[in-house]
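Accompanying notes for the structure given below.
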Amino acid sequence: MPDGSYATYPNPQALQTSEIPEVIDQYRQAALNAIRAGFDGIEIHGAHGYLIDQFLKDGINDRTDEYGGSIENRCRFLMQLVREVTVAIGSDRVGVRMSPAIDHLDATDSDPLGLGLAVIQGLNKLQIDQGAKLTYLHVTQPRYTAYGQTESGRPGTEDEEAQLLRTWRRSYQGTFICSGGFTRELGIQALAEDGADLVAYGRLFISNPDLVLRFKLNAPLNKYVRKTFYTHDPIVGYTDYPFLNKANKGQATLSRL
């Protein structure tokens, strides 16, 4: 809400099987609209408890049709959607994001490793069938937390989490992006150890408009203000963080993740 509070969520209603093609077409049209508006490409957000993630995970998907039950069925919505979007705008303009090990918004899965591999297998097959690779697969690290803590606890030890990412990384036939709780040092480490092709930053980019330069110089970072992430104000929390030349005058503090 404009004052930073959260509205009451309405009770969700499961899509009828007959409604799903229309929803898939809405994704396709949204991708076309983005390209026409001048965007280089789009990311299909299949993570963090949103609609696609609700289809993927057995802890929240209780459907009894061809979109529920087995891993193959639960991946069907995403695969159909990716196919339609890539046909519409080209595979090289499409990225896919997933978070099999994240427990955000009640979206949990009993086998995160298996779910991630099933999604990757489907994407690999799609790429072969279409003769073109997606621009990337973007995976959120299990250590990611939305509000400073996960809702159901950490999914495993740091070694177990690292093994998940390494397994997915080796399995995917294309560019692999990681995100979620990365500092400058952790990002460098991930690339040095071949844990990813690219590392994405979100919260730190919001609070540091010159983040790349700050990383290059190993300069201090502005601390982000979490309560302003989702407010309606077009300036506060979005365009009012200082650049490095101003931060050097004492306006910046080290960021904590």
Side-chain angles (χ1 to χ4, degrees), residues 15 17-48 50-57 61 63 65-102 109 111-141 164-180 190-191 193-200:
L15 286 169
T17 306
S18 60
E19 295 176 305
I20 291 177
E22 179 181 355
V23 174
I24 291 175
D25 189 65
Q26 290 171 353
Y27 277 89
R28 181 192 65 83
Q29 187 60 55
L32 286 170
N33 292 347
I35 300 304
R36 288 169 182 163
F39 286 85
D40 296 317
I42 61 95
E43 179 178 88
I44 295 173
H45 199 331
H48 300 177
Y50 296 116
L51 181 62
I52 297 171
D53 204 28
Q54 294 172 27
F55 274 84
L56 290 174
K57 291 181 175 173
N61 183 340
R63 302 183 69 92
D65 60 5
E66 61 264 38
Y67 293 93
S70 68
I71 287 184
E72 180 182 6
N73 282 358
R74 288 183 276 119
C75 290
R76 190 183 308 278
F77 178 63
L78 173 60
M79 296 307 151
Q80 291 177 343
L81 194 158
V82 174
R83 184 177 296 107
E84 291 299 315
V85 171
T86 52
V87 168
I89 66 172
S91 298
D92 60 338
R93 291 178 177 269
V94 178
V96 174
R97 187 173 191 177
M98 69 172 186
S99 59
I102 302 298
D109 196 83
D111 181 14
L113 175 60
L115 176 59
L117 289 174
V119 171
I120 289 172
Q121 181 182 12
L123 295 178
N124 285 342
K125 183 179 185 303
L126 181 66
Q127 292 177 150
I128 293 172
D129 291 344
Q130 294 186 337
K133 291 187 177 182
L134 299 170
T135 189
Y136 62 76
L137 173 63
H138 180 177
V139 181
T140 307
Q141 290 266 25
L164 278 177
L165 269 295
R166 284 194 295 267
T167 302
W168 293 330
R169 157 75 159 151
R170 289 193 300 264
S171 300
Y172 180 61
Q173 298 167 7
T175 300
F176 191 88
I177 300 179
C178 279
S179 67
L191 297 179
E193 296 177 353
D194 197 33
D197 296 301
L198 298 165
V199 175

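Not counting sequence neighbours, the partners of Tyr50 by the ring-ring contact (aromatic ring centres under 6.0 Å, His included) test are His45. Scored by the side chain to side chain contact (heavy atoms under 4.5 Å, CB included) test, Ile35 finds Ile89, Arg93 as partners (sequence neighbours excluded). Judged as a side-chain hydrogen bond (donor to acceptor under 3.5 Å, both in side chains), and not counting sequence neighbours, the contacts of Asp65 are Thr17, Arg63. For Ala30, there are no side chain to side chain contact (heavy atoms under 4.5 Å, CB included) partners two or more places apart in sequence or in a different chain. Here Tyr172 pairs with nothing under the ring-ring contact (aromatic ring centres under 6.0 Å, His included) rule; sequence neighbours left out. Among residues two or more places apart in sequence or in another chain, the side-chain hydrogen bond (donor to acceptor under 3.5 Å, both in side chains) test is passed with Tyr67 by Gln80. For Asp194, the side chain to side chain contact (heavy atoms under 4.5 Å, CB included) partners at least two apart in sequence or on another chain are Arg169. With sequence neighbours left out, the side chain to side chain contact (heavy atoms under 4.5 Å, CB included) criterion links Leu198 to Thr175, Ile177. For Arg28, the salt bridge (Lys or Arg N to Asp or Glu O under 4.0 Å) partners are Asp25, not counting sequence neighbours. By the side-chain hydrogen bond (donor to acceptor under 3.5 Å, both in side chains) test, Arg83 pairs with no residue at all, sequence neighbours left out.
Here the CZ-CZ distance, from Phe176 to Arg166, works out to 11.5 Å after rounding to the nearest 0.5 Å. Remark: Phe55 CZ to Asn61 CG distance equals 7.0 Å, nearest 0.5 Å. Separation of atoms CG (Asp109) and CG (Asp111) is listed at 6.5 Å; rounding is to 0.5 Å. Here Asp197 contributes atom CG and Cys178 contributes atom SG; the two are 9.0 Å apart, rounded to the nearest 0.5 Å.
Heavy atoms only, all atoms of each residue included: Ile42 and Ala31 are closest at CG1-CB, 4.1 Å. When all heavy atoms of Leu32 and Ala88 are compared, the closest pair comes out as CD2-O, 3.7 Å. Across Gly46 and Asp53, no two heavy atoms sit closer than the pair O-OD1, 3.7 Å. Taking every heavy atom of both residues into account, Trp168 and Pro112 meet most closely at CZ2-O, 3.3 Å. Summarising the geometry of Phe77 relative to Ile24, their closest heavy-atom pair is CE1-CG1, 3.6 Å, with the distance given to 0.1 Å.
There is no side-chain donor-acceptor pair under 3.5 Å between Ser179 and Gln141.
Around CD of Glu19, the count of heavy atoms belonging to other residues, nucleotides or ligands within 6.0 Å exceeds 12. The 12-atom threshold is exceeded at CD of Gln26, counting heavy atoms of other residues, nucleotides or ligands nearer than 6.0 Å.
Within the structure, every pair that satisfies the salt bridge (charged side-chain N to carboxylate O under 4.0 Å, His left out) test and touches residues 120-138, not counting sequence neighbours, is listed here: Lys125-Asp129.
Side-chain contact between Ile52 and Met98 is absent, with no heavy-atom pair separated by less than 4.5 Å. You'll find the side chain of Val96 stays beyond 4.5 Å of the side chain of His138, heavy atoms only. Within the 4.5 Å cutoff, the side chain of Val23 has no heavy atoms near those of the Leu81 side chain. Looking at heavy atoms from C-beta onward, Leu134 lies in side-chain contact with Val94 at the 4.5 angstrom threshold.
Under the 3.5 Å distance criterion, the side-chain polar atoms of Ser99 are matched with a main-chain donor or acceptor of His48.
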Donor-acceptor pairs are to be reported for all side-chain atoms of residues 113-124 against protein atoms at under 3.5 Å, with residues two or more places apart or in another chain.
residue	atom	partner	partner atom	Å
Asn124	OD1	Gln173	N	3.0
Asn124	ND2	Ile120	O	3.4
Asn124	ND2	Ser171	O	2.9

Subject >> Working for side chain to side chain contact (heavy atoms under 4.5 Å, CB included), residues Tyr27 and Val82 >> reply: CA-CA 9 Å; Tyr27 277 89; Val82 174; over 6 Å; no
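For the side-chain contact (heavy atoms from CB on, under 4.5 Å) with Cys75, the qualifying choice from Leu78, Ile71, Asn73 is Ile71, the only one to do so.
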